[in-house]
Student: 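Following this message is one structure expressed as structure tokens.
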Amino acid sequence: MKIAVTYENGGVFQHFGHSEQFKIYQVEEGNVVSSEVVETDGNGHGALAGFLKGMGVETLICGGIGGGARNALSEAGIQLYPGVSGDADQAVEALLKGTLSYNPDTMCSHHHEGEEHDCNHGGGSCHH
């Protein structure tokens, strides 16, 4: 099984559509056997679901995520754990143990270009 985490400086990056990196974990028999950080090469929002599916990812851990990206991930068959913050490695370990703290209702809604907004991501926020 492959698990991806939106990634920045060791932690869970808080805005899926702006992710520049994912950390991909290869899991066998409930244990991480390898991991690598991959660049998104400028892919954003909807294209990221296809990018992850193409890498064989089955599960995604992230911070905030918008409705369109949620739908794209669902269509790609990728299980989503949003609303997560903190250390990426610890988040994966918690998921494998069944103790991951996440918020299935975390949503980041976008507004008109240039308009600022705040969206709560379970302790973090993204500002536009």
Side-chain angles (χ1 to χ4, degrees):
M1 173 172 72
K2 283 190 178 178
I3 300 172
V5 180
T6 52
Y7 190 74
E8 184 179 62
N9 297 325
V12 178
F13 183 63
Q14 291 301 301
H15 193 204
F16 173 78
H18 291 260
S19 296
E20 294 181 8
Q21 295 179 323
F22 288 97
K23 190 164 184 181
I24 310 289
Y25 299 81
Q26 181 66 46
V27 176
E28 293 175 11
E29 298 178 11
N31 295 304
V32 174
V33 293
S34 65
S35 64
E36 66 175 324
V37 176
V38 296
E39 303 287 327
T40 61
D41 297 325
N43 286 306
H45 293 277
L48 289 173
F51 174 81
L52 291 172
K53 184 173 183 175
M55 296 198 68
V57 168
E58 300 165 52
T59 302
L60 172 69
I61 297 172
C62 67
I65 186 164
R70 281 176 172 270
N71 292 340
L73 288 166
S74 178
E75 288 171 13
I78 296 173
Q79 188 168 5
L80 177 63
Y81 292 90
V84 177
S85 60
D87 182 81
D89 293 348
Q90 289 176 3
V92 170
E93 289 296 328
L95 177 66
L96 294 175
K97 291 177 186 167
T99 60
L100 179 65
S101 175
Y102 70 100
N103 180 350
D105 299 322
T106 298
M107 187 70 80
C108 187
S109 56
H110 295 273
H111 300 276
H112 297 289
E113 194 68 31
E115 187 178 316
E116 286 202 20
H117 77 283
D118 293 70
C119 38
N120 187 345
H121 300 300
S125 62
C126 66
H127 304 277
H128 297 279

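Side chains are part of it too, since the values below use all heavy atoms of this structure and drop only hydrogens, waters and symmetry mates. The chain is numbered in sequence order, starting from 1. A quick note: this is a predicted structure, and the numbers were derived from the prediction, not measured.
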Student: Please name the pair of heavy atoms, one in I78 and one in V57, separated by the smallest distance, quoted to 0.1 Å.
Tutor: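 Scanning both residues completely, I find the closest heavy atoms to be CG1-O, 3.5 Å.
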Student: Would you name the heavy atoms of C62 and L80 that are closest together and state the gap between them?
Tutor: SG-CD1, 3.7 Å
Student: Taking all non-hydrogen atoms of both residues into account, name the closest pair between G56 and K2 and its distance.
Tutor: O-CB, 3.6 Å
Student: Which residue pairs pass the side-chain hydrogen bond (donor to acceptor under 3.5 Å, both in side chains) test with at least one member in residues 28-39, sequence neighbours excluded?
Tutor: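 Sorted result for residues 28-39: Q21-E39.
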Student: Inspect the surroundings of CD in Q26 and state if more than 12 heavy atoms from other residues, nucleotides or ligands are less than 6.0 Å away.
Tutor: yes
Student: Would L48 end up clustered with V38 when hydrophobic side chains under 4.5 Å apart are linked, directly or stepwise?
Tutor: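 Yes, one cluster joins them.
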Student: Have a look at T6 and tell me which of I65, V12, T40 forms a side-chain contact (heavy atoms from CB on, under 4.5 Å) with it.
Tutor: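 Single side-chain contact (heavy atoms from CB on, under 4.5 Å) partner of T6 among I65, V12, T40: V12.
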Student: To check you understand the geometry: which heavy-atom pair defines the closest contact between R70 and P82, and what is its length?
Tutor: NH2-CG, 3.6 Å
Student: Do the side chain of E93 and the main chain of L100 share a donor and acceptor less than 3.5 angstrom apart?
Tutor: no
Student: State the CD-NZ distance between E75 and K53, to the nearest 0.5 angstrom.
Tutor: 9.5 Å
Student: According to salt bridge (charged side-chain N to carboxylate O under 4.0 Å, His left out), who are the partners of D87, at least two apart in sequence or on a separate chain?
Tutor: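 Salt bridge (charged side-chain N to carboxylate O under 4.0 Å, His left out) list for D87, sorted by chain: empty.
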Student: To the nearest 0.5 Å, tell me how far L52 CG sits from S19 OG.
Tutor: 8.5 Å
Student: My understanding is that only one of I61, V5, V92 makes a side-chain contact (heavy atoms from CB on, under 4.5 Å) with V84; could you say which?
Tutor: I61
Student: What is the minimum heavy-atom distance between I24 and M55, and which atoms define it?
Tutor: CG1-CE, 4.4 Å
Student: Listing request: all ring pair (Phe, Tyr, Trp, His ring centres under 6.0 Å) pairs with a residue in residues 61-97, at least two apart in sequence or in separate chains.
Tutor: Y81-Y102
Student: Quick one: closest heavy-atom pair of F22 and F16, and the distance?
Tutor: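 Smallest interatomic distance, heavy atoms only, reads CZ-CE1, 3.8 Å.
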Student: T59 versus V27: any side-chain heavy-atom pair under 4.5 Å?
Tutor: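 When only atoms from C-beta onward are counted, V27 and T59 do not touch, as no gap falls below 4.5 Å.
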Student: Could you tell me if the side chain of I3 sits less than 4.5 Å from the side chain of V32, heavy atoms only?
Tutor: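 No, too far: nothing below the 4.5 Å cut-off.
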